[in-house]
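The first residue in the sequence is number 1, and the count goes up from there. Remember, it's a predicted structure, so these values are computed and weren't measured experimentally.
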Amino acid sequence: MHPYLLPLYGLLVLTTAWTLSSLFGLYQNYQKARQFGFPIIINAVNFQNPFVVFLGPRVLPSLSRIPFGIGSYFKHISVDWITDDRYKTHQRLGNAISIIDPKWLRIFITDASAIEDVMNRRKDFTKPRVFYQPVEILGPNVDTVEGATWQRHRKITTPPFNERNSALVWKESVRQAQQMLTFWLEQGKSITGTSADTLTLALHVLTAAGFGQEYSFSSNLQAPPAGHQLSYRDALNDVLRGFLPLIICGPDSLSKWYMPKGVKAVGLAVKEFKQYMKEMVTRERQLIEKRDSSNHANLISSLVRASEDGKSASQSLDDDEILGNLFIYNLAGHETTANTLAYVITLLSINPDYQDWIYEEVTQVLQEAGSPETWQYEEVYPRLPRCLATMLETVRLFMSVPSLMKIATDGPQPLTIDDKEYLLPEGTFVVNNFAASHTLPRYWGSDSLHWKPKRWIGTEDNITGMKGFGEIVKEAPVRGCYKPWGEGPRVCPGKKFAQVEFVAVLATLFKEWTVRPQSRPGETSQQTTERVQAVLNDSRLEITLQMRNPTSVGMIWERRSERLQG
Ligand code: HEM
Ligand SMILES: *[C@@H]1O[C@H](CO)[C@@H](O)[C@H](O)[C@H]1NC(C)=O
Ligand SMILES: *[C@@H]1O[C@H](CO)[C@@H](O)[C@H](O)[C@H]1NC(C)=O
């Protein structure tokens with residue numbers, strides 16, 4: 001053989017081996033999937049494959065357009081196929097679908113009562129360790145551990161999310177929203193940085209209510225302080241940016257040769273971030289020693305104190321665990337809330353009627369409450385059901401977490417889907433598909449894809465939520481179909497934190513101001529609305545769901561009184 005052919009020959013052998021082992025894996029998973037009798041979708045490639053992760057967003061859409069049915073083997077591969085698909089595949093194939101690839105078999109479910117069941121049976125359906133371990137970058141934490149360890153973590157990490165903390169969240173959110181608005185108005189007309197700015201706002205609410213450090217909205221956090229190579233914000237951002245590859249490929253492959261430079265930089269960011277967290281814990285311990293409890297309501301303070309109070313190791317967290325949990329507060333609490341705010345501002349910009357609707361509530365309820373900085377959380381927050389409804393509707397369609405994967409644990413687990421019981425062998429992956437259950441017309445009606453906050457408002461009869469002026473926030477139409485914050489024992493502990501932040505920001509922004517998208521030259525207002533809608537539709541899952549191209553729409557803020565005159 002000619003020596004130049006050697007590499008080619010090697011490549012051929014490798015490709016053949018890869019193809020054969022893929023086919024074998026597919027065959028095995030197909031046999032496993034058949035026993036359930038759900039429709040089976042076959043993916044040519046495993047969704048964790050690094051090439052899928054990095055090239056997928058660019059390559060998969062073209063591959064899935066290959067004719068003669070071949071394209072369909074690529075349609076459901078990416079981790080976020082469900083966010084575009086929503087209920088469509090489930091409506092076509094049923095409430096449970098087996099999706100197989102050469103490596104995994106996953107059952108996607110959208111049946112409300114099955115979702116409710118899976119989410120509540122904490123011990124029967126646990127988190128798959130393989131996907132959560134990478135989140136232990138700084139240490140084990142409440143998001144990643146299971147069993148008795150999880151109980152210990154949860155017991156110490158949940159109490160900090162109390163009403164005293166909510167009051168702090170409220171106050172800081174109002175303050176940041178006011179400063180953000182000032183910052184926008186100072187810039188002149190059209191704001192394209194809404195998403196970046198809500199990230200800043202959410203970060204500052206988190207540092208204040210979470211870690212006892214207040215920043216003004218436009219303070220420059222970019223410069224690293226002495227002893228640091230990165231600023232706090234950059235370190236956090238780089239860790240978060242590198243996070244999807246980290247979760248999907250595992251920490252060990254981050255420095256492999258084929259990884260882009262950016263991914264390798266995550267290592268430095270992790271180190272820097274850890275140092276910041278350690279400094280905060282040290283400062284908190286010094287405060288405890290000095291018996292200074294002025295800052296008691298923030299999360300880090302309660303966490304460190306609760307852990308110091310723990311009588312024994314079985315009731316407290318060690319240092320790695322404290323750092324791990326501080327990290328998870330940052331990870332879970334930052335982009336989720338920030339992106340939800342970016343979505344709502346964009347949505348409201350093309351729904352002026354809903355701006356009026358919110359305005360009506362804010363002015364009527366807060367008539368005597370004075371200007372935002374004097375609003376008292378305890379009095380004001382419970383009286384703004386329209387603002388909360390607006391959030392519920394926003395995360396219904398633009399959910400930060402479009403699905404949650406669980407794994408059948410401790411022997412085979414029975415699960416009832418569509419009133420029929422199935423026995424899922426230990427190790428079966430179950431994916432709760434919220435993107436579908438949040439939009440299935442069977443649960444939500446024929447306008448299920450429309451953003452309509454009013455659907456959440458009821459009158460006193462169907463009471464469950466909080467009271468405004470005669471209005472209340474309703475429950476979801478069917479139990480189990482709406483889970484933006486998860487459910488059961490592992491429900492998001494930051495749910496109230498996020499809701500209080502959202503309501504405070506919304507009320508502050510829309511009390512006196514209105515927003516509209518900037519039109520392009522020659523564009524009708526109808527066309528502008530459609531363009532903004534297209535930007536909203538073009539969302540993808542990074543760590544959480546976000547718009548791909550938010551800077552392509554400019555937002556114009558005007559004082560309400562001026563808009564009405566003009
Ligand atoms: C719009 C905002 C938010 C959304 C949509 C959201 C959603 C979720 C979801 C779906 C889960 C997973 C539940 C499960 O695994 O079963 C979760 C867990 C968690 N969230 Fe949030 N979250 C938000 C804001 C926050 C905030 C502000 C914080 C903290 C400051 C936070 C902290 C956590 C933690 C620590 C967990 C893990 C709990 C456990 O596994 O026991 N989240 N969140
Ligand atoms: C809630 O109350 C409204 C108005 O009274 C009524 O139209 C609606 O059917 C009720 N919804 C439920 C789920 O009971
Ligand atoms: C955006 O998505 C909604 C819901 O699927 C659809 O009705 C609308 O036509 C889409 N708009 C654009 C401009 O893509």
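Val401 approaches Phe434 most closely through the heavy-atom pair O-CD1, 3.5 Å. Here the closest non-hydrogen pair linking Tyr343 and Gln546 is OH-C, 3.1 Å. In this structure, Cys387 and Val503 approach most closely via the heavy-atom pair CB-CG1, 3.9 Å. Taking all atoms of both residues into account, the shortest heavy-atom contact from Ser403 to Val431 is CB-CG1, 3.8 Å. Annotation for Asp447 and Arg455: closest pair O-NH2, 3.1 Å, computed over non-hydrogen atoms. Closest heavy-atom contact between Glu426 and Asp410: OE1-C, 3.6 Å.
Ring centroids of Trp451 and Trp456 are separated by 6.0 Å or more, keeping the two rings apart.
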- Run the numbers on Asn43 and Arg106 for side chain to side chain contact (heavy atoms under 4.5 Å, CB included), then give the verdict. CA-CA 11 Å; Asn43 283 341; Arg106 294 168 294 161; 4.0 Å; yes
- Item | side chain to side chain contact (heavy atoms under 4.5 Å, CB included) evaluation trace for Trp357 with Leu348 | CA-CA 11 Å; Trp357 187 67; Leu348 282 168; over 6 Å; no
- Item | Chi angles and distances behind the salt bridge (charged side-chain N to carboxylate O under 4.0 Å, His left out) call for Lys496, Glu163 | CA-CA 9 Å; Lys496 185 77 182 275; Glu163 286 297 279; 3.0 Å; yes
- Message: Between Asp124 and Leu415, does the side chain to side chain contact (heavy atoms under 4.5 Å, CB included) criterion hold? Intermediate values first, please.
- Response: CA-CA 10 Å; Asp124 300 344; Leu415 183 65; over 6 Å; no
- Item | Tyr443 vs Ser448, side chain to side chain contact (heavy atoms under 4.5 Å, CB included): CA-CA, chis, key distance, verdict | CA-CA 8 Å; Tyr443 298 147; Ser448 69; over 6 Å; no
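Counting heavy atoms from C-beta outward, Val118 and Leu404 have side chains that stay 4.5 Å or more apart. In this structure the side chain of Gln151 reaches within 4.5 angstrom of the side chain of Arg122, judged on heavy atoms. Side-chain contact between Phe398 and Thr340: absent, with no pair of heavy atoms (C-beta onward) separated by less than 4.5 Å. Side chains of Pro140 and Thr149 form no contact here, defined as non-hydrogen atoms less than 4.5 Å apart. In this structure, Glu501 and Leu341 have side chains that are in contact, with non-hydrogen atoms separated by less than 4.5 Å. With contacts defined as side-chain heavy-atom distances shorter than 4.5 Å, the pair Ile328/Leu331 qualifies. When side chains are defined from C-beta on, Glu487 counts as touching Asn120, because their heavy atoms get closer than 4.5 Å. Tyr422 places a side-chain heavy atom less than 4.5 Å from the side chain of Phe38.
If you check the side chains of Asn339 and Thr544, you find a donor sitting under 3.5 Å from an acceptor. A side-chain donor from one of Gln533 and Asn537 sits under 3.5 Å from a side-chain acceptor of the other. Side chains of Ser166 and Tyr381: a donor-acceptor N/O pair is absent below 3.5 angstrom, by distance only.
Note: Leu440 CG to Asn95 CG = 6.5 Å, rounded to the nearest 0.5 Å. Separation of atoms CD1 (Ile115) and OG (Ser437) is listed at 4.0 Å; rounding is to 0.5 Å. For the atom pair CG of Leu299 and CG of Asn162, the computed distance is 8.5 Å after rounding to the nearest 0.5 Å. Taking CD1 from Ile70 and OG from Ser64, the interatomic distance works out to 12.5 Å, rounded to the nearest 0.5 Å. Rounding to the nearest 0.5 angstrom, the gap separating the CG atom in Leu423 from the CD atom in Gln35 is 9.0 Å. Taking CE of Met399 as the start and CG of Leu397 as the end, the distance is 6.5 Å to the nearest 0.5 Å.
The only option from Leu384, Leu506, Asp353 that meets the side-chain contact (heavy atoms from CB on, under 4.5 Å) definition with Ile358 turns out to be Leu506. Checked options Ile457, Val500, Val473, Ile472; the residue passing with Leu388 is Val473 (criterion: side-chain contact (heavy atoms from CB on, under 4.5 Å)). A side chain to side chain donor-acceptor pair (under 3.5 Å) with His90 is found for exactly one of Thr439, Thr110, Asn433, Asp85, namely Asn433.
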Sequence neighbours excluded and cut-off under 3.5 Å, please list the side-chain donor-acceptor pairs for residues 97-105, or say none.
residue, atom, partner, partner atom, Å
Asp101, OD1, Lys103, N, 2.7
Asp101, OD1, Trp104, N, 2.7
Trp104, NE1, Gln48, OE1, 3.0

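For the pair Glu146 and Arg490, the salt-bridge criterion is met [side-chain N within less than 4.0 Å of a carboxylate O]. A salt bridge links Asp143 with Lys127; the closest basic N to acidic carboxylate O contact falls under 4.0 Å. Taking 4.0 Å as the cut-off between side-chain N and carboxylate O, Glu116 and Lys483 count as a salt-bridged pair. By the 4.0 Å N-to-carboxylate-O rule, Asp538 lies close enough to Arg548 to be salt-bridged with it.
Looking at His334, its side chain does come within 3.5 Å of a backbone N or O of Leu199 through a donor-acceptor pair. The main-chain N or O of Ile407 is found under 3.5 Å from a side-chain atom of Thr409 such that the two form a donor-acceptor pair. A donor-acceptor pair under 3.5 Å links the side-chain atoms of Asp111 to the main chain of Asp418, judged by distance alone. In this structure, the side chain of Asn165 engages the main chain of Ala209 through a donor-acceptor pair within 3.5 Å. Looking only at distances, no side-chain donor or acceptor of Ser307 sits under 3.5 Å from a matching main-chain atom of Leu303. Looking at Thr126, its side chain never comes within 3.5 Å of a backbone N or O of Lys123 through a donor-acceptor pair. At least one donor-acceptor pair under 3.5 Å links the side chain of Glu321 to the backbone N or O of Asp318. A distance-only check finds a donor-acceptor pair linking the side chain of Arg396 to the backbone of His438 [under 3.5 Å]. Listed for the Tyr354 side chain is a donor-acceptor partner under 3.5 Å among the backbone atoms of Lys454.
Tyr329 is linked by a ring-ring contact (aromatic ring centres under 6.0 Å, His included) to Phe161, counting only residues two or more places apart in sequence or in another chain. Residues forming a side chain to side chain donor-acceptor pair (under 3.5 Å) with Glu136 (at least two apart in sequence, or on another chain): Arg129, Thr144. Every residue was checked against the ring-ring contact (aromatic ring centres under 6.0 Å, His included) condition with Phe497, not counting sequence neighbours, and none meets it. Among residues two or more places apart in sequence or in another chain, the ring-ring contact (aromatic ring centres under 6.0 Å, His included) test is passed with Phe273 by Tyr232, Phe327.
For Arg34, the CZ atom counts as loosely surrounded, since its 6.0 Å shell holds 12 or fewer non-hydrogen atoms of other residues, nucleotides or ligands.
Counting only residues at least two apart or on different chains, the ring pair (Phe, Tyr, Trp, His ring centres under 6.0 Å) pairs with a member in residues 62-84 are His76-Trp81, Trp81-Phe108.
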